[in-house]
Amino acid sequence: MDPCAHVIPIAPVASAAAAAAPRWDQLVRDGHVHGSLYTDPAIYQAELEKIWFRTWVYVGHESEIPDANDYVMKAIGPEPVLMTRDRAGQIHLLHNRCPHRGNRVCMTEQGNARSFTCPYHGWTFANDGALKGWPFPSGYEGVDRKDHGLGKVARVASYRGFVFGSMAAEGPSLEEHLGAAMKSIDALCETSPEGEVQITAGFLKHKVKANWKFLVENETDGYHPSFVHASIFEVAQSGIGTLYSAESTAVSRDFGNGHTENDLRPEFRKRDEPMSWFGTTADRLPDYTARMNAAYGEEKARRIMIDGTPHIMIFPNLFIAEIQIFVLQPLSVNETVQHVTALQFKGAPDLNRRMRQQTMGSVGPAGFLLADDAEMYERTQMGVQMRKPEWLFLGRGKHRERRDEDGFLIGDNTDEVPSRGIWRHYRQMMEAA
């Protein structure tokens, strides 16, 4: 058995709903979910094993470690990992745990290092995880160093610079997991005149006392913005509110595999004005517009700048929110951290500056948008602990669900098509052997 294998025991049963072998069909029904799914510690532990430590989880972006020997501290669920780039340029995901006595070998958020030395007993590891040496080696005579390197995340794969890891040695490929979501990542990258996203603006961390699934659902819930964010829309004189109104032509979509989106392109195409998705006009970004025209030709560049960037939740933890990304990290059954950063596009300095400014205004320490959502998360977490009613109803728009030209289930932008899709995938994963 691998001495670095990470095993989290299932917690004692905390409620009748979370029996030793839960009947997931009794907790997740089409249009209804049981409240204990957000509050039961045993269910949370089961989710770690069946979702977070089994499927592909977004970890970080290649641009965060651009040079040889760069590293950055990341996580898969509550599990700390190091994302490193070795001297040959290969990316590794390493468990931040010394195989000797379990101490963390790195406590610095990011940096450049060829090796990591455990502060407890001085074991030293290369940035590809291999054990380089241990003090007083005569005490380990006959022991093979190759058997005692840092634990490695079983599978690592990257798509358009987005690095994902899976703790499971076998399973669907990253491409199979992402499915149609790959096209959304492609569209995001096309917003750059050089076809690349850069994650270089630094992260803000927001901790909320709420279950991680409330956040996953909320990211593509088009029903709440008109109410939760009404004040900031009014103060900022933003046109965003109309995208989530009953009259909006935008749609909600279930891509399958738990991936969901609010597709706002129908509204932007009606306006037929480049950069309206960003709340401005192309003539206010002359350098960016010129670079896009040179890169793609005027016709394609115009289409890209009209459609804008996607609003998609890639299950279970990556939310691409037009101008920023959110990376969700569950810490416990009722505690989640959101890591947020402004998107940056290679070759677009004038757009990037505005991206950073808007991100600080909406989700920064003095921003209102994320504060609004955080308040709803925590109130909902408190409310769902009450006994009655036991079930949450997610049936909005079920009568008008339909298929788009690609066969994906869609609804009006305020419908709960995304939530139902998330829960269908959740149940499949939890029922899997």
Side-chain angles (χ1 to χ4, degrees), residues 8 10-11 13-57 77 168 171-172 177 179 181 210-224 252-261 313-317 319 328 330 332-334 336 376-377 380-401 408-411 414-433:
I8 295 184
I10 300 298
V13 173
S15 74
R23 283 285 305 276
W24 299 106
D25 62 332
Q26 295 179 358
L27 299 174
V28 182
R29 301 172 184 168
D30 194 21
H32 293 81
V33 294
H34 196 270
S36 63
L37 289 163
Y38 302 94
T39 62
D40 194 302
I43 289 177
Y44 168 74
Q45 293 292 341
E47 290 168 351
L48 293 182
E49 297 298 336
K50 287 183 170 286
I51 297 177
W52 290 91
F53 299 158
R54 184 172 294 183
T55 193
W56 288 98
V57 176
H177 168 72
N211 184 271
W212 65 277
K213 298 185 295 297
F214 277 133
L215 281 67
V216 173
E217 291 178 274
N218 185 75
E219 308 302 23
T220 49
D221 170 36
Y223 194 22
H224 81 278
S252 57
R253 179 175 286 108
D254 172 17
F255 279 127
N257 290 347
H259 312 319
T260 58
E261 78 163 344
M313 179 68 220
I314 298 178
F315 189 86
N317 72 323
F319 175 39
L328 308 183
S332 68
V333 68
N334 59 2
T336 306
M376 293 301 105
Y377 299 146
T380 308
Q381 187 69 32
M382 288 187 287
V384 80
Q385 296 177 66
M386 300 178 190
R387 293 180 180 270
K388 296 291 183 179
E390 290 185 55
W391 293 84
L392 282 69
F393 177 56
L394 300 173
R396 178 173 173 80
K398 196 170 188 302
H399 64 288
R400 58 190 178 199
E401 286 183 350
F408 298 117
L409 203 60
I410 65 170
T414 63
D415 290 347
E416 289 168 329
V417 170
S419 287
R420 291 191 289 273
I422 289 165
W423 282 108
R424 277 192 294 270
H425 182 65
Y426 173 93
R427 178 175 161 181
Q428 290 172 359
M429 294 204 71
M430 298 304 287
E431 288 178 338

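The figures here come from the full heavy-atom set of this structure, side chains too, leaving out hydrogens, waters and symmetry mates.
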Let me check something: any side-chain donor-acceptor pairs from residues 382-394 under 3.5 Å, sequence neighbours excluded? List them with distances.
from, atom 1, to, atom 2, distance (Å)
Q385, NE2, Q381, O, 3.1
E390, OE1, H34, NE2, 2.7

Minimal non-hydrogen separation, [X] against [Y], with atom names:
X	Y	answer
A210	L215	CB-CD1, 4.4 Å
L328	M313	CD1-CE, 4.1 Å
P41	T39	CD-O, 3.3 Å
T414	G222	CG2-O, 3.6 Å
E47	L37	OE2-O, 3.9 Å
E416	G395	OE1-N, 3.3 Å

Parallel, tilted or perpendicular: which describes the rings of W212 and Y426, with under 30° parallel and over 60° perpendicular? tilted
Does any N or O in the side chain of D254 come within less than 3.5 Å of the main-chain N or O of V417, such that one atom is a donor and the other an acceptor? no
[X] vs [Y] side-chain heavy atoms within contact, under 4.5 Å:
X	Y	answer
I43	W24	yes
V57	P316	yes
E217	N211	no
D415	E401	no
K213	I422	no
K50	M430	yes
I51	F315	yes
F408	T260	no

Using the side-chain hydrogen bond (donor to acceptor under 3.5 Å, both in side chains) criterion, which residues pair with Y377? Sequence neighbours excluded. N218
Which distance, rounded to the nearest 0.5 Å, do you find between the [atom1] of [X] and the [atom2] of [Y]?
X	Y	atom1	atom2	value
R23	E431	CZ	CD	9.0 Å
E261	I314	CD	CD1	10.0 Å
R424	D30	CZ	CG	6.0 Å
H32	R420	NE2	CZ	11.0 Å
T55	N317	OG1	CG	9.5 Å

Is the gap between the ring centers of H259 and H425 under 6.0 Å? no
